[in-house]
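Reviewing the structure listed below.
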Amino acid sequence: MKNSFPRFGAVLIFIIICSYAVCQQQGPNKEQYRPSYHFTPAAHWMNDPNGLVYYEGEYHLFYQYYPEASVWGPMHWGHAVSKDLLHWKHLPIALYPDSLGYIFSGSAVIDHDNTSGLGTKQNPPMIAIFAYHNPKLEKSGSNQYQYQGLAYSLDKGRTWTKYAKNPVVPNPGIRDFRDPKVIWDAETQKWILVLAAGDQIQFYSSPNLINWNLETSFGKSLGAHGGVWECPDLFPLEVKGTHDKKWVLLVSLNPGGPNGGSASQYFVGDFDGHQFKPDNTPTRWVDYGKDNYAGVTWSDIPASDGRRIFLGWMSNWQYAERVPTETWRSATTIPRELNLIRENNEYLLTSQPVKELAKLRIDSVKMRLTKVNGAYDISKQKTFGKSPLEIIITFNTKNRNSAGFAKKFGIKLSNEIKEEVLIGYDLKQKQFFVNRKKSGKVSFSDAFPGIFTAPWELKGNTLEMHLFVDEASVELFGQQGRVLLTEIFFPAKPYSQLSVFTEDGKIEVKECEVWKLNSIW
Ligand code: FRU
């Protein structure tokens, strides 16, 4: 009896140490559906990416965050930084709600010349301009419950001071008035602020980020108007292969997306610091998928890099609060490089996975030229069924008009309990598709199961699909980033099998390479 307590104590301490070690080892990505390489908050609710800005070797990612539950609530700005766009370090909450309201979406810039006077030239301020949403004013019946505020940081985004005379853009009497994105326009030497006002966009200009003048409004009878406009972004891009400069205006829309619910459209045109004049009139979508919303691009990427890097919220307001993850909700998309090409007499915005992602590749398997009729199991070659995976597959479509050519073909992710996601091309309907009807848990929302499509007319002799698969998502970059479909899913058991499938005929796979990807944890 005398000796048993120390022994018991030692055993207890041993058990505690072991459980701690196991917890450490498991890390957050061992929770079911926790992505291996997509950004997620450590806990609780996240929606839009905010304040994307690069400064002194760090990519900053702020995001709409509710730290007290895994559903939307009084919004804060969560914060994380990365040196490589892959591995993220969580930092303390950057902005808290205050007497002016919740902190809704917005952007951040580096005020290099200290035009605001809030820092010095030696230590330029990082400036966040965001929407305030005042729930008390909203309840009181006022229309003027959203306005734009400013906060600044002099220590690389670690601590923030709200500007004493907020708001910097008061509400002009428009109910939905939010999501300011600020850019420096080198040509007119002015700051430009673009925000969503109802189902239109407004452009403001300023010499100092504090005093803003309304320039123009845009979009009254252009683009899709199935819902309210949100989270705009405006930036110039050089048209690939030329020195022509065009301006791209991204506009998120909810609802009214091409496959239901939230989605983002874009316009290509000219901007002179005062007015945006679009070249395209038909509606163009950044991504046809249901799960890429409120995406915006990084500010202050060094000229030596020169990329326009985009990040979206990988969910949809139709079901974002009901997806079957418990300790956290939502992930971002992978970072994507945007480019502009001119084809068939029009401008097309392309999205490609950022090149940094190649660093996650561990091991790969290549498929030799193979005819597939029905199904071909790629995962058999190695144990390559399980996510995280990257797949690049090219089909030979030369004989697509001959008898016996598959009507539908693509990639299938599946598990032993017959849950599956099909990602493919439909020859008859002329569209890419993702079918997640039988993907696993789908019943939490009627809007979740379905076949989601992106129109694409085949012209050449090949069709390429580049896929990024994680525990709970697939991102399709079709035809070198010309057509996008991003979809999330929740299988009861992880998908363990990867195959090429065809329906009603056969297909020739010209090339297929599959990489196992590393986890970022
Ligand atoms: C878009 C959005 C924004 C708003 C934020 C609130 O998803 O509705 O318009 O600022 O989310 O969290």
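All heavy atoms count here, side chains included; hydrogens, waters and symmetry mates do not. Owing to the predicted nature of the structure, the values given are computational and were not obtained by experimental measurement. Counting starts at 1 for both ligands and their atoms, following the listed order.
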Worksheet item: Got a sec, which pairs hit salt bridge (charged side-chain N to carboxylate O under 4.0 Å, His left out) with one end in residues 201-216, sequence neighbours left out?
Response: K190-E215

Worksheet item: Regarding D111 and S116, is there a side-chain donor-to-acceptor distance under 3.5 Å anywhere?
Response: yes

Worksheet item: Which word best sums up how the rings of F39 and H90 line up, parallel for under 30°, tilted for 30 to 60°, or perpendicular for over 60°?
Response: tilted

Item to complete: Return the set of residues passing ring pair (Phe, Tyr, Trp, His ring centres under 6.0 Å) with W298 (not counting sequence neighbours), or none when no residue passes.
Response: Y59

Discussion item. Is it true that W328 and S70 share a donor-acceptor pair across their side chains at a distance under 3.5 Å?
Written reply: no

Residues 257-269, side-chain donor-acceptor partners within the protein, below 3.5 Å, at least two apart:
residue: N259; atom: OD1; partner: T453; partner atom: N; Å: 3.1
residue: N259; atom: ND2; partner: Y288; partner atom: O; Å: 2.8
residue: N259; atom: ND2; partner: T453; partner atom: O; Å: 3.0
residue: S262; atom: OG; partner: N254; partner atom: OD1; Å: 2.9
residue: S262; atom: OG; partner: N316; partner atom: OD1; Å: 3.2
residue: S262; atom: OG; partner: W317; partner atom: N; Å: 3.0
residue: S264; atom: OG; partner: S252; partner atom: OG; Å: 2.7
residue: Q265; atom: OE1; partner: A224; partner atom: N; Å: 2.9
residue: Q265; atom: NE2; partner: A224; partner atom: O; Å: 3.1
residue: Y266; atom: OH; partner: L349; partner atom: N; Å: 3.0

Worksheet, complete the sentence: By chain and number, the residues contacting ligand 1 below 4.0 angstrom (heavy atoms only) are N47, D48, Q64, W72, M75, F104, S105, R178, D179, E230, Y293, W317

